Amino acid sequence: MNDKQFIIPNGIMPNSVDPLHIDQFNNYFPGQMLYTTPLTITAQGDLSSEVLESFTYDPIKFEIMMKAKSSINYSDGSAITPEDIVVAITRMLHSRPNFPVIRFIKGKDDWLKLKHPLLSFPSGITINNSTISIKLEKNIINPLFRFTMNIMSIIPKRCIDLKTSTIKCDEIPSSGFYKEDQKGDNFISFKIRPELALKKTIPQKIKFYFPKVESTYSSIDTITNDDIVFAYDLDFSKEQYEKITSSYTTNRLAPTWFTGVVLNTEVKPFDNKQVRQYFINQLHEELAKTDMSPRQYSKGIFSKLIPGYIENSQFSPYNVELKDVKKELEKYKDTNFNWVIRKKVAPTFISNVLEKVAKKLNININIKAPEIAPGSHTGRKSYKLDNTILHTTHSGFWDLDPIGDIQMLFTPNMHDDYKDIWSNKSFTAIIKDLGENSDKNLVNAKMKEINQALYDMAIMPILSLQSYTYISKKNKKNVSGNMSLTVPYPWEVF
């Protein structure tokens, strides 16, 4: 089997192998190559596990039972222990105690009060030989899915300083299928672990290449049968996308991903809610006139595939006019503000719209693309740049558990970008107990309430809904792996 190349056009190299940093997109796929998680998802969409012999959830006892496999090793030959599996969970709980499902582990609150919680387990977690018991405080719908999250990747307990929760191994042994092979300025490659080479019918080597967005389209004609391009709809213009879909094999994930901008309430005049509302009104007025195919203009965070969808026409414009904010805006006439983006080149439809809105407000908005530090995102961490008023944000939801996804997205301390949202008590109260509802109508009504409340805050206006697309040579077989529940693992798409 030839070596494979996975092309991610964002120009941003991975910057951390700490599982707690794998929620950053640039670390996401490399993290999957190196580590496995307590549970995984098969190409058919079923839950499975590389480290567990069995796993069950008892909704009567509120208890998750996991039985660890024996003779499962890391890449250095050491055993993957039940303690390692549990520490992958408790380290995440220690870092983000309000994360869906695990926030309901019994004894969590008392455990977190300890000086060094990671030296022990919450009272709701016990290990008896190879059997792990996790007791919850209440019944949770679809609780097992959360244990597939990359941020619960399994590494040796010995590689973690349990007093500080920091990594102390210079090189972390791999619990996944691959080991790091080579690394350059814009690529990183992985080789299958030798002991798995004859057992797994997956590529022996996968190279991840991170070209700049602007160079991807111009060089796309050079891809071979061994290449896959994993591109975001925002990476291409309408015309470019149309050419790609007609000339190449394309496989699109479900269009349940959103793009928005987060407004910085710490910089005047955007600390003023009426100013933010007027800005957003102008933003949506321009977006409604813009052809942004293949993206879909949206005021709401949920697509039609997800509970809580609201038509654009059902979101009323904010009741604010220029006369209400004119005096405040005049103080900042011709002021230069910054717009922080994750990639080096801003999506054209967004930059064009923001340019028009800036002119209406008599301000200037300049694009900045700062380097991303390990463990951080581009939002609030970049507010130290003078006059940063907004940054672009992207995320999405899966049909299997959109409730858990929205709770995860706005978990306190999970994404610092969204601090103004998850620190809003009235908003978090709406989503806090959403996971307890099993009635579809109640869930839909509650998700609509979340959608509307997010709009009403005037902090994170949504711009569009879109997806990711796998691009490969014409007549190449379609990408395998489950395309509706989650993003397929890298080795599944070749």
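Index from 1, following the sequence. Not measured: the values here are computed from a predicted model.
In this structure, the side chain of S189 engages the main chain of Q182 through a donor-acceptor pair within 3.5 Å. Looking at D58, its side chain does come within 3.5 Å of a backbone N or O of I60 through a donor-acceptor pair. Judged by distance alone, with hydrogens and angles left aside, the side-chain atoms of T256 form no donor-acceptor pair with the main-chain N or O of G396 at under 3.5 Å. In this structure, Y455 contributes its side chain and I462 its backbone to no donor-acceptor pair below 3.5 Å. Between the side chain of N451 and the main chain of G300, no donor-acceptor pair closer than 3.5 Å is present. W111 contributes a side-chain N or O that, together with a main-chain N or O of P117, makes up a donor-acceptor pair within less than 3.5 Å. Using modelled atom types, no side-chain atom of N186 and backbone atom of F210 make a donor-acceptor pair closer than 3.5 Å. Between the S49 side chain and the P38 main chain, a donor and an acceptor come within less than 3.5 Å of each other. In terms of modelled atom types and a separation under 3.5 Å, the side chain of N15 and the main chain of N27 share no donor-acceptor contact. Judged by distance alone, with hydrogens and angles left aside, the side-chain atoms of T36 form no donor-acceptor pair with the main-chain N or O of S175 at under 3.5 Å.
Q296 is linked by a side-chain hydrogen bond (donor to acceptor under 3.5 Å, both in side chains) to nothing, counting only residues two or more places apart in sequence or in another chain. Judged as a ring pair (Phe, Tyr, Trp, His ring centres under 6.0 Å), and not counting sequence neighbours, the contacts of W257 are W398, Y468. Partners of A197 by side chain to side chain contact (heavy atoms under 4.5 Å, CB included), not counting sequence neighbours, listed by chain and number: I192, Q204. In terms of the ring pair (Phe, Tyr, Trp, His ring centres under 6.0 Å) criterion, residue partners of F29 (sequence neighbours excluded) are, by chain and number, F6, F230. S174 is linked by a side chain to side chain contact (heavy atoms under 4.5 Å, CB included) to S75, K179, R193, counting only residues two or more places apart in sequence or in another chain. Annotation: ring pair (Phe, Tyr, Trp, His ring centres under 6.0 Å) contacts of Y35 (sequence neighbours excluded): none. Considering only residues two or more places apart in sequence or on other chains, S54 meets the side-chain hydrogen bond (donor to acceptor under 3.5 Å, both in side chains) condition with none of them. Scored by the ring pair (Phe, Tyr, Trp, His ring centres under 6.0 Å) test, F190 finds F208 as partners (sequence neighbours excluded). N150 meets the side-chain hydrogen bond (donor to acceptor under 3.5 Å, both in side chains) test with no other residue; sequence neighbours excluded. With sequence neighbours excluded, the residues forming a side-chain hydrogen bond (donor to acceptor under 3.5 Å, both in side chains) with K67 are S130, listed by chain and number.
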### Message
Please determine whether side chain to side chain donor-acceptor pair (under 3.5 Å) holds for the pair D417 and T393, giving the CA-CA distance in whole Å, both sets of side-chain angles, and the decisive distance to 0.1 Å.
### Response
CA-CA 8 Å; D417 294 16; T393 186; 4.8 Å; no
### Task
Quick one: do E195 and N73 satisfy side chain to side chain contact (heavy atoms under 4.5 Å, CB included)? Show the steps, please.
CA-CA 10 Å; E195 67 272 26; N73 297 329; 5.9 Å; no
### Message
Before you tell me yes or no, could you show the steps for M13 and K183 under side chain to side chain contact (heavy atoms under 4.5 Å, CB included), namely the whole-Å CA-CA distance, both residues' side-chain angles and the distance that decides it to 0.1 Å?
### Response
CA-CA 10 Å; M13 282 285 288; K183 193 172 185 178; 3.9 Å; yes
### E50 and K200: CA distance, side-chain angles, deciding distance, salt bridge (Lys or Arg N to Asp or Glu O under 4.0 Å) verdict
CA-CA 12 Å; E50 294 296 322; K200 303 288 184 181; 3.5 Å; yes
### Task
Kindly determine whether K207 and D3 satisfy side chain to side chain contact (heavy atoms under 4.5 Å, CB included), including the steps that lead there.
CA-CA 8 Å; K207 174 184 175 182; D3 294 347; over 6 Å; no
### Message
Before you tell me yes or no, could you show the steps for K4 and I228 under side chain to side chain contact (heavy atoms under 4.5 Å, CB included), namely the whole-Å CA-CA distance, both residues' side-chain angles and the distance that decides it to 0.1 Å?
### Response
CA-CA 8 Å; K4 307 299 182 182; I228 289 283; over 6 Å; no
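The OG1 atom of T56 sits 8.0 Å away from atom CG of L144, with the distance rounded to the nearest 0.5 Å. Rounded to the nearest 0.5 Å, atoms CE (M149) and CD1 (I102) are 11.0 Å apart. With values rounded to the nearest 0.5 angstrom, T265 atom OG1 is found 9.0 Å from L263 atom CG. Rounding to the nearest 0.5 Å gives a distance of 9.5 Å between CD of E449 and CD of Q452.
A salt bridge links R91 and D18; the closest N-O separation between the charged side-chain nitrogens and carboxylate oxygens is under 4.0 Å.
Of all the heavy atoms in P30 and P14, the pair that sits closest is CG-CG, 3.5 Å. Across all non-hydrogen atoms, the minimal contact from A453 to I430 is CB-CD1, 3.8 Å. Closest of all the heavy-atom pairs between I167 and I155 is CD1-CD1, 3.6 Å. Across K69 and L52, no two heavy atoms sit closer than the pair CE-O, 3.2 Å. In plain terms, the two heavy atoms of P307 and V443 that are nearest each other are CB-CG1, 4.3 Å. The heavy-atom pair separating G308 from N444 by the smallest distance is N-OD1, 2.8 Å.
Proximity of L162 to K157: side-chain heavy atoms (C-beta onward) are separated by under 4.5 Å at one or more points. With contacts defined as side-chain heavy-atom distances shorter than 4.5 Å, the pair I7/P211 qualifies. Contact check for F145 versus V101: no side-chain heavy atoms found under the 4.5 Å cut-off. Inter-residue side-chain proximity for P19 and I151 is flagged as unmet; no heavy-atom pair is nearer than 4.5 Å. You'll find the side chain of Q24 stays beyond 4.5 Å of the side chain of I12, heavy atoms only. For the pair L463 and F258, the minimum side-chain heavy-atom distance is 4.5 Å or more. The side-chain heavy atoms of F99 and R146, taken from C-beta on, include a pair separated by under 4.5 Å. When side chains are defined from C-beta on, F55 does not count as touching F147, because their heavy atoms never get closer than 4.5 Å.
A donor-acceptor contact closer than 3.5 angstrom links the side chains of Y57 and N139. Between the side chains of D84 and Y74, a donor-acceptor pair is found at a separation under 3.5 Å. There is no side-chain donor-acceptor pair under 3.5 Å between T224 and D226.
The stretch residues 9-89 participates, sequence neighbours left out, in no disulfide (SG to SG under 2.5 Å) pair at all. For residues 65-175, every residue pair satisfying the disulfide (SG to SG under 2.5 Å) rule, not counting sequence neighbours, is listed here: C159-C169.
Residues F410 and F427 bring their aromatic ring centres within 6.0 Å.
No more than 12 heavy atoms of other residues, nucleotides or ligands lie within 6.0 Å of NZ in K163, so this atom counts as exposed by the packing criterion. Counting heavy-atom neighbours within 6.0 Å of K205 NZ, excluding the residue itself, gives a total above 12. Environment of CD in E171: sparse, with no more than 12 heavy atoms of neighbouring residues, nucleotides or ligands closer than 6.0 Å.
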